[in-house]
Amino acid sequence: MKQKYTRAALTVTAEQYEVNQGLEDGFELYTKVVTNGWISPDDLVLITRPDGTVVCPFIQNRRGVIFIRKGDYIIFDENDERHVCAADKFPQRYSPAEE
């Protein structure tokens, strides 16, 4: 029988992604992301390097490689594992914690 569950309260730290802040684990060539068809390229953060190549930042966790989109937040959970949360979902899932 199906039951309803509520997500347990979890306090995390988060930061909206910005380039050059060291929040990503690496970068993948945009052409490879599109060619492999891993995900929809809509709103991906694109960085053009001095040599003209275009790369997409990503983080890697136990779920795999997650490419970062414009406005995404990087979530740091209590075990320091990082996750990506879309800007439109963030205020629905998280509210400021009282210190």
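These numbers come from a predicted model, not from an experiment.
The two atoms that bring Ala87 and Gln16 nearest to each other are CB-NE2, 4.4 Å, heavy atoms only. Between Phe58 and Glu24 the shortest heavy-atom distance is O-CB, 3.4 Å. Residues Glu28 and Val33 approach most closely at CG-CG2, 3.9 Å, considering heavy atoms. When every heavy atom of Ile39 is checked against every heavy atom of Arg69, the shortest pair comes out as CD1-NH2, 3.6 Å. Minimum interatomic distance between Gln92 and Asp88 (heavy atoms only, all atoms of both residues): NE2-O, 3.4 Å.
With rounding to the nearest 0.5 angstrom, the CG atom of Asp72 is 12.0 Å from the NZ atom of Lys89. We find the CG-CZ distance between Asp80 and Arg82 to be 9.5 Å, quoted to the nearest 0.5 Å. Taking SG from Cys85 and CD1 from Ile75, the interatomic distance works out to 5.0 Å, rounded to the nearest 0.5 Å. The OG1 atom of Thr31 lies 9.0 Å from the CG atom of Asn36; values are rounded to the nearest 0.5 Å. Between Leu23 atom CG and Ile59 atom CD1 the span is 9.5 Å, to the nearest 0.5 Å. Summarising the geometry, atom NE2 belonging to His83 is positioned 10.5 Å from atom CZ belonging to Phe76; distances are rounded to the nearest 0.5 Å.
Follow the hydrophobic side-chain contacts under 4.5 Å out from Phe27 and you never reach Val65; the two are in separate clusters. Neither Val34 nor Leu29 shares a network with the other; the hydrophobic side chains, linked directly or stepwise wherever heavy atoms of I, L, V, M, F, W or Y lie under 4.5 Å apart, form separate groups for each. Note on Val55: it clusters hydrophobically with Val19, by side-chain heavy-atom contacts below 4.5 Å among ILVMFWY residues. Transitive grouping of hydrophobic side chains (ILVMFWY, heavy atoms separated by less than 4.5 Å) brings Ile47 and Val84 into a common cluster. No continuous path of ILVMFWY side-chain contacts below 4.5 Å connects Ile74 to Val12, so the two sit in separate hydrophobic clusters.
No donor-acceptor distance shorter than 3.5 angstrom exists from the side chain of Gln60 to the backbone of Asp25, with no hydrogens or angles considered. For Asn61 (side chain) and Arg63 (main-chain N/O), a donor-acceptor pair under 3.5 Å exists by modelled atom type.
Ring geometry for Phe90 against Tyr73 counts as parallel: the plane angle stays under 30°, on a 0 to 90° scale with 60° as the upper cut.
Atom CG of Asp42 has more than 12 neighbouring heavy atoms from other residues, nucleotides or ligands inside a 6.0 Å radius.
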